[in-house]
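The structure presented is a predicted model; accordingly, all values stated were derived computationally and were not measured. All ligand and atom numbering here is 1-based and tracks the order in the structure. Quick note: numbers below take in every heavy atom, side chains included, and nothing from hydrogens, waters or symmetry partners.
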Amino acid sequence: MAVLSVSDVGISFGGLRAVDGISFGVEPREIFAIIGPNGAGKTTLFNVISRIYEPSTGSIVFDGRDITRIPPHDVVRAGIARTFQNINLFDNATVLDNLMLGRYRHHRSGVLRQTLFTPFVRREKLADRRKVEEVIDFLELGKYRDVLVAGLPYGVRKIVELGRALAAEPRLILLDEPSSGLNVEETRDMVFWIQDMRDDLDMTVIMIEHDMSLVSAVSDRVLAMSSGRMLALGTPGEVQRDPGVAAAYLGG
Ligand SMILES: Nc1ncnc2c1ncn2[C@@H]1O[C@H](COP(=O)(O)OP(=O)(O)O)[C@@H](O)[C@H]1O
Ligand SMILES: [Mg+2]
């Protein structure tokens with residue numbers, strides 16, 4: 001049973017069909033890659049799944065529940081977290097504070113209760129802190145815990161953003177170009193984090209990625225897109241050998 005089913009999803013901006021009739025299913029604990037030239041509609045597809053955009057056609061079912069029209073914060077609550085192509089962190093806050101923000105979905109106490117700082121809120125805060133410390137250990141971010149994000153090298157900020165998504169304890173994580181801007185060594189580390197997320201944290205991963213060696217190393221299946229459409233769906237080898245995929249890259 002697929003954990004995520006995307007059926008005939010489409011969205012237009014003005015006259016442009018940015019995403020056009022995309023359908024696929026992702027199995028639990030699968031690592032699923034989305035490739036395609038710039039402007040193919042990959043990020044837009046993520047924006048539709050995470051409900052930043054409303055799709056004009058189709059439906060999205062996660063974990064047996066139709067999430068096509070639910071608000072974005074409910075998507076996080078349902079168990080889907082993401083990272084962004086351009087890192088999206090609070091630069092003037094510490095690594096710890098940025099990771100704590102990832103705990104938002106778990107907060108059951110309302111604003112009034114938080115202000116009153118009841119024992120319930122206290123317990124909730126302690127649980128958040130414990131979870132965040134687990135993420136810090138998992139991603140080996142301990143030495144950066146109290147450092148402002150603004151002062152960190154790009155590669156570390158990328159890992160912090162991954163950590164913020166993990167702090168939400170998602171079942172499905174969407175990674176938008178996890179290796180972009182990383183050097184060879186950092187990219188190799190990213191491969192390990194992605195595999196560990198699946199193996200140790202039981203997560204399902206969908207990643208948009210340009211680095212074909214990374215895609216081949218970790219993905220079970222690959223969806224290739226171009227001009228909003230599906231070009232091919234299969235194993236990394238199958239998709240790489242697809243003549244339509246090669247043509248799309250040459251054309252782009
Ligand atoms: N909010 C928006 N308004 C108008 N056009 C958009 C918007 N978001 C994306 N697009 C257009 O949709 C197409 C797909 O973009 P995008 O999903 O970012 O591509 P990719 O991530 O595959 O490089 C591009 O032509 C882009 O300019
Ligand atoms: Mg993109």
Side-chain angles (χ1 to χ4, degrees), residues 4 6-24 26 31-60 62 67-73 75 80-89 154-155 157-162 164-165 170 172-182 186-187 190-191 193-194 204-216 218-219 221-234 236 239-240 242 244-252:
L4 181 79
V6 171
S7 307
D8 191 35
V9 161
I11 183 171
S12 301
F13 300 110
L16 175 80
R17 296 290 292 163
V19 172
D20 193 0
I22 299 288
S23 301
F24 61 92
V26 180
I31 298 178
F32 188 94
I34 302 175
I35 65 166
N38 282 330
K42 306 178 299 295
T43 296
T44 303
L45 181 59
F46 269 14
N47 287 337
V48 170
I49 295 171
S50 50
R51 291 291 297 103
I52 290 173
Y53 296 151
E54 181 110 354
S56 42
T57 65
S59 67
I60 303 161
F62 174 66
I67 62 162
T68 319
R69 317 237 162 248
I70 68 174
H73 58 266
V75 174
I80 302 177
R82 71 175 288 183
T83 64
F84 292 84
Q85 191 170 342
N86 309 308
I87 299 175
N88 189 15
L89 292 167
Y154 184 85
R157 277 188 278 147
K158 204 100 178 162
I159 301 296
V160 174
E161 208 201 18
L162 182 60
R164 192 194 40 200
L172 170 66
I173 188 160
L174 310 176
L175 307 175
D176 198 344
E177 305 202 11
S179 86
S180 76
L182 299 186
E186 290 166 334
T187 301
M190 186 59 80
V191 168
W193 299 135
I194 292 170
T204 305
V205 179
I206 306 180
M207 59 172 184
I208 295 169
E209 184 52 56
H210 284 295
D211 181 339
M212 274 314 290
S213 63
L214 191 159
V215 168
S216 302
V218 301
S219 323
R221 286 188 303 150
V222 180
L223 165 67
M225 291 176 65
S226 179
S227 307
R229 302 232 176 96
M230 290 178 70
L231 282 179
L233 175 61
V239 169
Q240 266 179 298
D242 189 286
V245 173
Y249 278 95
L250 290 175

Side chain, backbone, both or neither: the part of Ile208 lying under 4.0 Å from ligand 1 by heavy atom: neither
Any idea which protein heavy atom is nearest [atom], and the distance to it?
atom                    : value
atom 23 (O) of ligand 1 : Gly39 N, 2.8 Å
atom 18 (O) of ligand 1 : Thr43 CB, 3.8 Å
atom 6 (C) of ligand 1  : Phe13 CD1, 3.3 Å

Is the side chain of [X] donor-acceptor paired with the backbone N or O of [Y] at a distance under 3.5 Å, no angle test?
X      : Y      : answer
Lys42  : Met207 : no
Thr57  : Asp8   : yes
Thr204 : Leu172 : no

Protein heavy atom under 4.0 angstrom of atom 27 (O) of ligand 1, is there one? no
Given Ile206, Asp176, Ile173, the one that forms side-chain contact (heavy atoms from CB on, under 4.5 Å) with Arg82: Asp176
From Thr68, Ile49, Val48, residue fulfilling side-chain contact (heavy atoms from CB on, under 4.5 Å) relative to Val9: Val48
Please state whether the separation between the Mg ion (ligand 2) and some N/O/S atom of Thr44 is under 2.8 Å? no
Distance check below 2.8 Å: does Asn38 bring an N, O or S atom to the Mg ion (ligand 2)? no
Pick, from Ala40, Gly228, Ala18, Pro37, the option with the minimum heavy-atom distance to atom 12 (O) of ligand 1. Ala18
Relative to atom 17 (O) of ligand 1, which among Ile11, Thr44, Leu16, Ile35 owns the nearest non-hydrogen atom? Thr44
Does Arg229, at its CZ atom, have more than 12 non-hydrogen atoms belonging to other residues, nucleotides or ligands within less than 6.0 Å? no
Could you establish whether Gly41 and ligand 1 come within less than 4.0 Å of each other, counting only heavy atoms on the residue side? yes
Any heavy atom of Tyr53 sitting closer than 4.0 Å to ligand 1? yes
To 10°, measure the OG1(Thr43)-the Mg ion (ligand 2)-OE1(Gln85) angle for me. 80°
Specify whether Phe13 and Tyr53 have parallel, tilted or perpendicular ring planes, treating 30° as the upper limit for parallel and 60° as the lower limit for perpendicular. perpendicular
Which atoms of ligand 1 are found less than 4.0 Å from any heavy atom of Asn38? 23 (O)
salt_bridge(Glu161, Arg164) N-O dist < 4.0 Å: yes
Tell me yes or no: between the side chains of Ser180 and Lys158, is some donor less than 3.5 Å from an acceptor? yes
